[in-house]
Amino acid sequence: MSKIKIAELFYSIQGEGRYMGVPSVFLRTFGCNFTCDGFGMPRGEQSKERDFIAADIKKFFKYEDLPLVSSGCDSYASWDPRFKDLSPLMETDGIAERIMEILPYKTWVDEHLVITGGEPLLGWQRAYPELLDHVYMKQLKEITFETNGTQPLTPEFKEYLQDWSMQIPGERCVTFSVSAKLPASGENWFDAIRPEVVCEYQEVGIVYLKFVVATAEDVIDAENAVEEFREAGFNGHVYLMPVGGIESVYTLNAKNVALAAMKRGWRYSDRLQVPLFKNEWGT
Ligand code: SF4
């Protein structure tokens, strides 16, 4: 049986993007190809917050005991190898059983499944079909992959998802919420902006871009990125979203981000998990 290393598995409200407000099961897989240490930092500087936390790793026995950060990747423990022991390797059967336990009616009703990370489209692609074919997952109709948009789908997984959607035509839907990383993340443009990868997701389902911005410079970067994606054939919606983390950062940022989105005919995405749940783990 296939196994997936799971950083978090919880039930909450989707706080961002197309499914904002929808009750959702979040499956946060372990591993990422980026580090995004630039978030919340002056350009060119890197956050050291998770290094301080890692230095005290022996103090933390559960993922949800880890401190939240206000700079760098806010889900650092889902990929930094120093925290890997807090993320169990679970068999797909065990994951499906756990999902049934946390769903309010012990079956899928109107909830949607969010497969997030880390970067969920790394090697776990090979294990998802076994999970999605589990008898407990038969009623599931909507899945979102929250991805950084750099990982191509394997031919096998691409075909699997296309078939999965067609099993209940008109009801099943796969969405790719692509949070392409701009220079403010600290990642290199040519590694992070991969239009050819993102355009291929369009052969499977609905795809939208979601840019995390904090400054006018970030918005210009988003414009340049959108131009590249459009030139390559991207035809989905574009969202701007304020930087997450601590609530004061988010609140200062939100209105200007909304205005910047309106000016360009783009969508604004909130981060409902911040005002509702203070961005705690498991939300
Ligand atoms: S791509 Fe996402 S999960 Fe990976 S380091 Fe960046 S913000 Fe964190």
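Please read these numbers as outputs of a predicted model, since none were measured by experiment. Both counts, for ligands and for their atoms, begin at 1 and track the order of listing. The residues of the chain are indexed from 1 along the displayed sequence.
- Around atom 6 (Fe) of ligand 1, protein N, O or S atoms at less than 2.8 Å number 1.
- Between Y128 and F157, the angle of the ring planes lies from 30° to 60°, which puts this pair in the tilted group.
- Side-chain atoms of D80 never come within 3.5 Å of backbone atoms of Y76 as a donor-acceptor pair (strictly under, hydrogens ignored).
- The neighbour count for M262 CE, taken as heavy atoms of other residues, nucleotides or ligands under 6.0 Å away, does not exceed 12.
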side-chain contact (heavy atoms from CB on, under 4.5 Å) between W108 and M100: does it pass, once the steps are laid out?
CA-CA 8 Å; W108 295 96; M100 285 303 106; 3.7 Å; yes
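- Numbered from 1 in the order shown, with element, the atoms of ligand 1 that lie under 4.0 Å from a heavy atom of G118 read 3 (S).
- Residues passing the side-chain hydrogen bond (donor to acceptor under 3.5 Å, both in side chains) test with Y208, sequence neighbours excluded: S177.
- Ring centers of Y268 and Y239: at least 6.0 Å apart, outside the cut-off.
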